[in-house]
Amino acid sequence: MDILITEDLQSPAIDALAGKFSVVREPLLWKDAAKLKAALADARTVMVRNQTQLTADLLAAAPKLLGIGRVGVGLDNIDLPTANARGIVVIAPLEANAVSVAELTLALLLALARKIPQADRSTKAGGWDRRGCTGIELAGKTLAICGFGRIGKLVAVRAAAFGMRLVVSDPFVKPGDATLAQTGATLCAKLDDALAQADFVTTHSPLTQETKRMFNERTFAVMKRGAFFINTSRGGVVDEAALLAALQSGHLGGAGLDVREVEPPKERTAFETMDNVILLPHVGAFTVEAQTRTFEAVASDLSRLLQGQPAVNFVNFASPKRL
Ligand code: NAD
C-alpha cells in the first residue's frame, strides 16, 4: 500500500493521488489502535490530520514507512523523536494555514469585544437590545500574545492595525525581532508581566511539556479582572476547570476557544451555557484557501517521496533514511 489515510480526509488532491498510487482510505482507523497498527505494517506513507496518534509503538510497527503527511500544523500527535530515529520523513506544511488561524483569532477578539454572538441570538429571538449589546473597542486596549511564532506574529500585525497595544511572551524570541519592531510590541521577560497588563490574552504556543496547562488557576489570577482569553492553539495549554472557575467567578470577562483539551469534548460542561464564551469546533485552519494549500502540499510531498524524490514541506529531513 502506497498511502494509508487514517482519518476522514477529503480533497481533490487526495483523489488525484488515488489515480497514481494505491491509496487506502479508512476514515475511522484512528479510533482503533490495533487495526491501525496492522494497517501501518504494510504502509509506505501515511496521511493524518490530528486525530491519529502516531505513537512510538505504532511507528515501530511500520517497517516500510517512508513518510508521514500531516494535514495541518501542530505535531503533538506524532512521536517526532521516534520518526527521526526511524528515518521517517515528517511532512507538515507549517505556513499553509497560519493566515487563516490569525484571522480567526481576530474574529474571536472582535466577537468578544462587541458581543456579536449575544447580539445575534437576542435579535433572532425577536429582541432589539442595543444597550445590552454594548461592547468595548479594541483600539487602545492591550493584547498579550503568548507564543510569537508564525501565527502569533500575523495576529500582532492585524491587532496593531486595530490600534491595540501589544505585549509578547515567548522565551525564544529575541528583543531585536523584526515583527516586534514593526508592530511596536513590547517583549516581556515573564509570562506574568504580559498577562498582568492585558485586556485580551491570546495564546499561540505549541503544546509541549513546558506549555501544558500554562494557563491555570495561578496564571488566570494574574490576569486583570474582566480580561478576555482566546485560545486558537491547543486545548492542552489550558486547565479548563481553572478557566471555567475564572469565568464563573467573574474574574475573566469572557473566552473564545477554538480548541479543547479533549476534541470533541466527551461531555457538556458549563462553558456551553455561558453567554460570554464562544466555542468553535477547531476550525482555525478550515478555510477554503488553507485546506487547499495544505492538502496540495502534503499530497505533492507524499507523491515525491513515493517516487524517490525529496520532500519540500518536511519538518525533520527531506528524504527517508532507511535503517
Ligand atoms: P510556531 O512554531 O511558528 O510558533 C510557536 C511559538 O511559540 C514559537 O515562537 C515558540 O518560541 C513559542 N513558544 C514555545 N514555548 C513557549 C512558551 N513556553 N511560552 C510562550 N511561547 C512559547 O507555531 P505556529 O504555526 O504559530 O502555531 C501556533 C499554535 O497554533 C500551535 O499550537 C499550533 O498547533 C496551533 N494551530 C492551531 C490551528 C487551529 O486550527 N486552531 C491551526 C494551526 C496551528
Side-chain angles (χ1 to χ4, degrees), residues 7 9 48-51 70-78 80 90 92-109 143-159 166-180 183 185-195 198 201-216 218-219 222 229-238 255-261 263-264 278-291 293-295 297-298 313 315-316:
E7 300 178 35
L9 303 179
V48 302
R49 184 170 266 149
N50 62 346
Q51 288 167 309
R70 162 76 169 99
V71 185
V73 191
L75 296 171
D76 36 286
N77 60 323
I78 297 169
L80 194 56
V90 177
L94 300 178
E95 304 285 344
N97 56 27
V99 167
S100 292
V101 181
E103 288 187 1
L104 185 76
T105 305
L106 266 293
L108 287 170
L109 270 168
L143 173 67
I145 302 178
C146 304
F148 205 58
R150 278 174 295 269
I151 297 170
K153 287 179 176 172
L154 292 171
V155 168
V157 171
R158 285 151 180 76
L166 306 176
V167 289
V168 166
S169 169
D170 187 322
F172 302 102
V173 166
K174 304 273 175 297
D177 182 279
T179 314
L180 287 177
T183 57
T186 304
L187 181 62
C188 298
K190 292 191 181 131
L191 172 65
D192 287 10
D193 297 341
L195 297 183
V201 173
T202 181
T203 170
H204 303 286
S205 62
L207 177 59
T208 63
Q209 283 309 318
E210 289 71 40
T211 63
K212 191 169 182 201
R213 299 196 166 183
M214 160 164 90
F215 294 94
N216 51 42
R218 194 195 68 74
T219 45
V222 172
F229 177 75
I230 292 157
N231 186 8
T232 59
S233 63
R234 282 289 177 269
V237 305
V238 178
L257 307 177
D258 185 41
V259 287
R260 303 293 297 276
E261 277 185 304
E263 294 185 0
I278 302 174
L279 299 177
L280 304 177
H282 200 149
V283 290
F286 278 72
T287 60
V288 172
E289 294 83 355
Q291 291 298 299
R293 278 194 295 267
T294 302
F295 273 109
V298 171
N313 297 285
V315 294
N316 49 2

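Just so we're clear, the structure is a prediction, and the values are computed from it rather than from any experiment. Just so you know, ligand 1 is whichever comes first in the structure, and atom 1 is the first atom listed for that ligand. The figures here come from the full heavy-atom set of this structure, side chains too, leaving out hydrogens, waters and symmetry mates.
The CG atom of L166 lies 10.5 Å from the SG atom of C188; values are rounded to the nearest 0.5 Å. Between H282 atom NE2 and L257 atom CG the span is 12.0 Å, to the nearest 0.5 Å. The structure places CD1 of I278 at 7.0 Å from CG of L280, a figure rounded to the nearest 0.5 Å. The line from CG of L191 to SG of C146 is 5.0 Å long, rounded to the nearest 0.5 Å. The distance from the OG atom of S169 to the CG atom of L195 is 7.0 Å, given to the nearest 0.5 Å. Residue L75 holds its CG atom at 11.5 Å from CG of L207, rounded to the nearest 0.5 Å.
For the pair P171 and ligand 1, a heavy-atom separation below 4.0 Å is found.
At the top of the distance list for atom 42 (C) of ligand 1, counting protein heavy atoms only, stands V101 CG2, 3.2 Å. Here the heavy atom of the protein found nearest to atom 4 (O) of ligand 1 is G149 CA, 3.2 Å. Residue, atom and distance of the protein heavy atom nearest to atom 31 (C) of ligand 1 are S205 O, 3.6 Å. Nearest protein heavy-atom contact of atom 2 (O) of ligand 1 is R150 NH2, 3.5 Å. At the top of the distance list for atom 15 (N) of ligand 1, counting protein heavy atoms only, stands F172 CE1, 3.7 Å. In this structure, atom 37 (C) of ligand 1 lies nearest to the protein heavy atom T232 O, 3.2 Å. For atom 21 (N) of ligand 1, the nearest protein heavy atom (residue, atom name, distance) is G147 CA, 3.4 Å. Counting only heavy atoms of the protein, atom 28 (C) of ligand 1 lies nearest to H204 O, 3.2 Å.
In summary, the atoms of ligand 1 found under 4.0 Å from a heavy atom of A285, numbered by their order in the structure, are 40 (O). Below 4.0 Å from some heavy atom of R234 lie the following atoms of ligand 1, by number and element: 32 (O), 34 (O), 35 (C), 36 (N), 37 (C).
In this structure, Q291 contributes its side chain and A285 its backbone to a donor-acceptor pair below 3.5 Å. In this structure a side-chain-to-backbone donor-acceptor pair under 3.5 Å is missing from T211 to M214. Judged by distance alone, the side chain of E7 and the main-chain N or O of V48 form no donor-acceptor pair under 3.5 Å.
Nearest heavy-atom pair across P206 and V237 is O-CG1, 4.1 Å.
The option from L154, N77, D76, T211 that lies nearest to atom 18 (N) of ligand 1, judged by heavy atoms, is T211. When the options I151, L104, V73 are ranked by their closest heavy atom to atom 30 (O) of ligand 1, first place goes to I151.
Comment: E261 engages R213 in a salt bridge, judged by a side-chain N to carboxylate O separation of less than 4.0 angstrom.
The proximity of D170 to ligand 1, defined as any non-hydrogen pair under 4.0 Å, involves the side chain as well as the backbone. When heavy-atom distances to ligand 1 are checked against a 4.0 Å cut-off, F148 comes that close only through its backbone atoms N, CA, C and O. At a heavy-atom distance under 4.0 Å, only backbone atoms of S169 (N, CA, C or O) approach ligand 1.
A side-chain donor from one of T232 and T105 sits under 3.5 Å from a side-chain acceptor of the other.
At a 3.5 angstrom cut-off on N or O pairs, H282 counts as close to ligand 1. Polar contact check, L207 against ligand 1: no nitrogen or oxygen pair lies under 3.5 Å apart. For E210, no nitrogen or oxygen atom sits less than 3.5 Å from a nitrogen or oxygen atom of ligand 1, counting backbone and side chain alike. When only interatomic distances are considered, the shortest N/O to N/O separation between N97 and ligand 1 does not fall below 3.5 Å.
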